[in-house]
Amino acid sequence: MTAPGTRVGASAGDTDDDLDVEEALALVREPRESRDPREFAEGANGGQTPPPAAPGEHAHGGRSAHRHRATPWPQAREIAARAARSGARRAPVSVSLADALGLALASPLDALTDLPSFDTSAMDGWAVAGPGPWDVREEGVLAGHAQPEPLTDGEAVRIATGARIPADTTAVLRSEHGRTDTQGRLHPTREVVHGQDIRPRGQECRSGDQLLSVGTLVTPAVLGLAAAAGYDTVPVVPRPRAEVLILGDELLTEGLPSEGRIRDALGPMLPPWLRALGAEVTAVRRLGDDAKALYKAITSSGADLVITTGGTASGPVDHVHSTLERIGAELLVDGVKVRPGHPMLLARTQQNQHLVGLPGNPLAAVSGLLTLAEPLLRTLAAHPAPEPYALPLAEAVHGHPYDTRLVPVVLRGDAAVPLHYNGPAMLRGIAAADALAVVPPGGAQRGEETELLDLPWAAAGIEVCFT
């Protein structure tokens with residue numbers, strides 16, 4: 001549930017009462033003995049409270065029966081966004097215009113010249129001097145040619161759009177607004193206003209004017225403006241580098257599930273999704289349930305963000321927590337009050353590197369991706385937070401007693417229609433979805449406005465956001 005003073009969908013820097021990061025980190029450092037027993041790790045029972053452990057037994061496959069205190073969902077997103085502080089960002093780079101799409105400007109874009117850099121014709125027609133009628137020169141003026149000879153009063157010359165205006169021109173007469181008589185003299189068919197259809201030098205900007213500010217997202221229009229202003233390269237914040245580590249001996253990479261093994265859904269899904277969030281995926285490694293291989297992969301990675309899949313709970317082959325402890329990582333988020341995806345985590349493994357541990361269930365992994373990886377990647381790439389919005393639900397959605405729920409929806413008109421097949425292990429709902437509805441603890445009624453998280457391809461189109 002959104003904390004008091006927090007706007008719906010707020011992220012880092014968007015609250016009236018900003019989260020104290022040290023206070024938030026204290027939540028995950030708190031002794032397990034003092035933590036709320038209602039806040040349990042998500043398991044195969046779909047989020048139902050597990051039975052108490054028998055005397056002498058450990059809950060959740062061997063970990064301490066003391067439950068850890070999960071972070072509320074809005075605060076987890078804030079922590080993730082703030083974790084990528086300036087020291088974690090790579091130095092700006094200068095890239096060609098062809099490689100800049102989707103990146104953020106690392107410095108202001110200042111005009112290198114006046115735009116336009118000379119007086120130009122805004123229309124096809126005639127450049128005329130003085131009152132008409134006018135004698136028309138034989139040779140016209142075309143775009144891309146050198147400065148034409150000046151005009152004298154009573155003289156006109158054919159001119160093309162974008163061509164340089166001859167000195168002493170009064171106006172440009174559009175082709176459809178002029179006629180020639182039998183002597184070849186040009187007459188206007190409507191009043192000629194001084195300066196009409198002339199784009200004067202510097203009309204759009206003067207050399208040195210700031211065209212765009214730091215942090216502006218490079219869109220196709222920004223590329224056009226940069227080119228017009230004389231740029232061949234632009235300074236940008238580089239794409240964050242992400243590496244994906246697929247864990248689990250039970251995963252198959254091809255064929256039908258058989259003999260207790262299942263197909264790996266996250267290996268094909270996560271890399272393009274991370275690219276859609278602005279990351280450069282440098283590697284996808286399949287490690288199985290090998291603690292030594294996991295340790296080596298994390299400690300040898302040069303990525304800004306390491307993503308692991310599965311292994312974040314406390315089963316006999318769940319090695320993520322123990323590996324993070326071994327390398328001395330700082331746990332920033334250890335469990336989130338959200339369904340699906342409760343056992344997700346965020347850790348700082350180095351000053352300039354973070355790890356997001358995703359649950360192994362596919363929809364739970366999507367929840368972790370949007371809760372922790374998206375805000376962190378957004379900050380690393382210097383992208384602005386999306387404008388929050390909400391729509392009424394077309395039907396009621398059951399809620400978890402204590403946790404936020406993320407439910408796939410399709411957008412129909414002015415309403416969000418919840419989709420079925422939204423269990424932690426299911427992808428059928430999210431595959432058809434436009435967004436995820438953020439359902440507060442206790443659920444939401446039909447017609448109740450609910451915050452929405454857009455899926456990255458829903459607004460931009462696959463061809464744009466996956467490049």
Heavy-atom check, side chain of [X] versus side chain of [Y], under 4.5 Å:
| X | Y | result |
| --- | --- | --- |
| Leu363 | Asn361 | no |
| Leu436 | Ile430 | yes |
| Asp434 | Arg412 | yes |
| Val338 | Met344 | yes |
| Asp403 | Pro441 | no |
| Pro392 | Glu449 | yes |
| Arg77 | Glu374 | yes |
| Leu217 | Val222 | no |

Can you tell me if [X] has over 12 outside heavy atoms packed within less than 6.0 Å of its [atom1]?
| X | atom1 | answer |
| --- | --- | --- |
| Arg428 | CZ | no |
| Tyr421 | OH | no |
| Arg206 | CZ | yes |
| Arg285 | CZ | no |

What are the two closest non-hydrogen atoms of [X] and [Y], and how far apart are they?
| X | Y | result |
| --- | --- | --- |
| Val333 | Gly335 | CG1-O, 3.6 Å |
| Ala303 | Ser301 | N-OG, 3.1 Å |
| Ala100 | Val234 | CB-CG2, 3.7 Å |
| Ala83 | Leu346 | CB-CD2, 4.3 Å |
| Thr450 | Ala437 | CG2-CB, 4.1 Å |
| Ile327 | Ile298 | CD1-CG2, 3.8 Å |

As an exercise, state the distance from [atom1] of [X] to [atom2] of [Y], rounded to the nearest 0.5 Å.
| X | Y | atom1 | atom2 | answer |
| --- | --- | --- | --- | --- |
| Asn422 | Ser367 | CG | OG | 12.0 Å |
| Arg339 | Thr404 | CZ | OG1 | 10.5 Å |
| Lys292 | His319 | NZ | NE2 | 11.5 Å |
| Asp232 | Ser96 | CG | OG | 9.5 Å |

Partner of Thr308 by side chain to side chain contact (heavy atoms under 4.5 Å, CB included), out of Val356, Leu287, Leu247: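 The passing option is Leu247.
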
Worksheet item: Of Val236, Val237, Val93, which meets side chain to side chain contact (heavy atoms under 4.5 Å, CB included) against Leu103?
Response: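 Among Val236, Val237, Val93, the one meeting side chain to side chain contact (heavy atoms under 4.5 Å, CB included) with Leu103 is Val236.
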
Worksheet entry | NZ/NE/NH1/NH2 to OD/OE distance under 4.0 Å, Asp119 and Arg201 |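 Here Asp119 does not pair with Arg201 in a salt bridge, since their nearest N and O are not under 4.0 Å apart.
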
Are Glu280 and Arg239 within salt-bridge range, i.e. N to O under 4.0 Å?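 Judged by the 4.0 Å cut-off on N to carboxylate O distance, Glu280 and Arg239 do not form a salt bridge.
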
| Under 3.5 Å, is there a donor-acceptor pair linking the side chains of Thr161 and Asp124? |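 Yes, a side-chain donor-acceptor pair sits under 3.5 Å.
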
Does the side-chain contact (heavy atoms from CB on, under 4.5 Å) test come out yes or no for Leu331 and His321, once each step is laid out? CA-CA 9 Å; Leu331 267 178; His321 279 92; 4.3 Å; yes

side-chain contact (heavy atoms from CB on, under 4.5 Å) assessment of Asp249 paired with Val317: CA-CA 9 Å; Asp249 289 340; Val317 291; 5.9 Å; no

Query raised in the report: Please walk me through it: do Leu223 and Tyr231 pass side-chain contact (heavy atoms from CB on, under 4.5 Å)?
Result: CA-CA 9 Å; Leu223 293 176; Tyr231 284 87; over 6 Å; no

Before you tell me yes or no, could you show the steps for Val409 and Val397 under side-chain contact (heavy atoms from CB on, under 4.5 Å), namely the whole-Å CA-CA distance, both residues' side-chain angles and the distance that decides it to 0.1 Å? CA-CA 11 Å; Val409 296; Val397 176; over 6 Å; no

Review point. Backbone N or O of Val417 within a donor-acceptor pair of the Glu395 side chain at under 3.5 Å?
Key: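 No, because the side chain of Glu395 does not come within donor-acceptor range (under 3.5 Å) of the backbone of Val417.
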
